[in-house]
Amino acid sequence: MSSEWTIGVVGGSGVYAIDGLEDPEWIAIDTPWGAPSDELLTGRIEGVKFVFLPRHGRGHRISPSELNARANIDALKRAGCTDVISLSAIGSLQEHLPPGKFVVVDQFVDRTFARVKSFFGTGCVAHVSVADPVCPRLSAMLAAAGRAVGADIHEGATQLVMEGPQFSTRAESRLYRQWGCDVIGMTAMPEAKLAREAELPYAVVGMVTDYDSWREGEGHVEVDEVIAQLIANSGLAKQLVVEFARSLPAERTPSPIDTALDVALMTAPEKRDPALMAKLDAITARVLGGR
Ligand SMILES: CSC[C@H]1O[C@H](OP(=O)(O)O)[C@H](O)[C@@H]1O
Ligand SMILES: Nc1ncnc2[nH]cnc12
């Protein structure tokens with residue numbers, strides 16, 4: 001495996017491009033799972049290869065519940081990404097995480113229910129672990145880069161991922177707090193699970209835009225509040241990415257996540273469905289080689 005980094009960046013609400021890209025080029029990538037959210041913007045930052053994908057498409061066309069996360073992750077894999085970072089707008093479920101805070105999330109409670117969550121299935125069953133769903137190495141480097149550019153960083157938080165597109169009821173918002181969740185969003189799942197199946201280390205920088213709807217006697221989240229906060233945050237998020245690129249070690253040493261499929265595949269080789277195996281070409285290329 002190459003020891004070069006190629007960093008995929010999935011830009012969420014308010015982040016439809018990144019700064020500092022040399023030789024930028026939008027490229028179209030088709031996948032066996034359908035079309036990704038948009039073309040991918042490739043180039044180099046500080047000499048490091050980057051591949052940027054606007055999660056909701058340029059112009060924010062696609063709703064969180066209608067994202068084709070399999071196509072997005074597969075396209076990043078096909079584009080040669082070794083690692084993926086997500087920039088995401090999130091609501092806060094805790095007083096000490098006010099709007100403007102950048103939160104490096106390390107756990108999720110997945111409450112999404114209307115999304116396809118795996119590349120695998122009948123014809124090729126696989127079970128990867130998502131006990132530790134984000135890459136600690138990427139998360140630590142993102143937190144350090146954020147601090148270096150002056151972002152107000154909080155490391156370690158549990159994110160409730162909801163279906164959407166509507167925001168939560170007040171009762172739901174209060175319940176998620178009782179469950180011990182710190183922040184809430186609509187897109188990290190199944191993205192994080194699929195990234196693990198694709199053997200891509202993945203990390204999330206959440207940008208807090210609102211206090212959701214749990215605060216007694218206070219209003220509730222509305223999109224205009226989210227957008228205003230995103231406009232305020234997006235410049236800093238882009239600086240964070242440039243600083244992250246600058247801080248990457250010249251050589252990428254292997255991550256245990258690079259081989260997540262080594263212990264995951266269940267279906268006997270002779271029982272695998274050739275049609276599904278063909279769709280899995282990019283995802284299983286390392287573990288199965290040409291088979
Ligand atoms: C505009 S607030 C709701 C929307 O924003 C977040 O998206 P992303 O994670 O891509 O930044 C949130 O998850 C919802 O999809
Ligand atoms: N309150 C909230 N709930 C879900 N997703 C969000 N993204 C930003 N704010 C959010």
Side-chain angles (χ1 to χ4, degrees), residues 8-18 36-38 52-69 71-73 76 84-95 97-105 108-115 133-134 157-177 179 181-195 202-215 218-234 236-238 240-241:
V9 181
V10 187
S13 300
V15 186
Y16 308 107
I18 46 176
S37 295
D38 205 327
F52 173 77
L53 176 64
R55 180 182 284 117
H56 303 272
R58 282 168 286 182
H60 205 112
R61 293 174 295 106
I62 310 172
S63 163
S65 294
E66 288 161 27
L67 289 168
N68 187 342
N72 288 349
I73 294 294
L76 291 168
V84 173
I85 61 182
S86 158
L87 303 173
S88 179
I90 53 175
S92 171
L93 299 171
Q94 301 294 341
E95 201 72 55
L97 301 175
K101 199 97 174 168
F102 281 42
V103 179
V104 183
V105 172
F108 303 101
V109 174
D110 183 3
R111 293 284 296 164
T112 64
F113 51 81
R115 305 174 185 193
V134 302
T158 298
Q159 176 173 345
L160 186 297
V161 189
M162 58 177 288
E163 190 54 55
Q166 301 87 355
F167 292 114
S168 306
T169 65
R170 288 188 191 275
E172 287 163 343
S173 196
R174 289 193 294 262
L175 181 67
Y176 302 151
R177 274 166 56 76
W179 286 355
C181 298
D182 303 303
V183 293
I184 183 164
M186 301 180 193
T187 61
M189 288 292 173
E191 207 170 82
K193 289 176 173 168
L194 293 166
Y202 175 89
V204 180
V205 179
M207 297 175 286
V208 177
T209 52
D210 55 85
Y211 272 118
D212 202 42
S213 303
W214 54 271
R215 283 167 119 203
E218 297 276 335
H220 51 79
V221 54
E222 290 280 17
V223 141
D224 54 353
E225 173 191 11
V226 172
I227 292 171
Q229 192 60 52
L230 282 174
I231 291 169
N233 282 351
S234 69
L236 202 51
K238 290 176 184 171
L240 184 157
V241 172

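One-based numbering, in listed order, for ligands and for the atoms of each.
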[atom] [closest protein heavy-atom partner, distance rounded to 0.1 Å]:
atom	answer
atom 6 (C) of ligand 2	Ile184 O, 3.8 Å
atom 10 (C) of ligand 2	Gly91 N, 3.4 Å
atom 13 (O) of ligand 1	Met186 N, 2.8 Å
atom 4 (C) of ligand 1	Ser13 OG, 3.6 Å
atom 9 (N) of ligand 2	Asp210 OD2, 2.7 Å
atom 1 (C) of ligand 1	Val226 CG1, 3.7 Å
atom 5 (N) of ligand 2	Gly185 CA, 3.5 Å
atom 7 (N) of ligand 2	Ala89 O, 3.1 Å

Geometry only, no angles: is Phe167 polar-contacting ligand 1 at N/O separations under 3.5 Å?
no

Is there at least one pair of N or O atoms, one from Pro64 and one from ligand 1, spaced under 3.5 Å apart?
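For ligand 1, there is no N or O atom that lies under 3.5 Å from one belonging to Pro64.
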
Ionic contact status for Arg55 with Glu191, cut-off 4.0 Å:
yes

For ligand 1, which atoms have a heavy atom of Ser88 less than 4.0 angstrom away?
8 (P), 9 (O), 11 (O)

From His56, Met207, His60 - option closest to atom 10 (O) of ligand 1 by heavy atom
His56

Best match, Tyr211, Phe167, Tyr176: closest heavy atom to atom 3 (N) of ligand 2
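Ranked by closest heavy atom to atom 3 (N) of ligand 2, first place is Phe167.
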
Atoms of ligand 2, numbered as shown, that sit under 4.0 Å from any heavy atom of Met162:
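Near Met162, the atoms of ligand 2 are 4 (C).
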
Parallel, tilted or perpendicular: which fits the ring planes of Tyr176 and Trp179, with parallel below 30° and perpendicular above 60°?
tilted

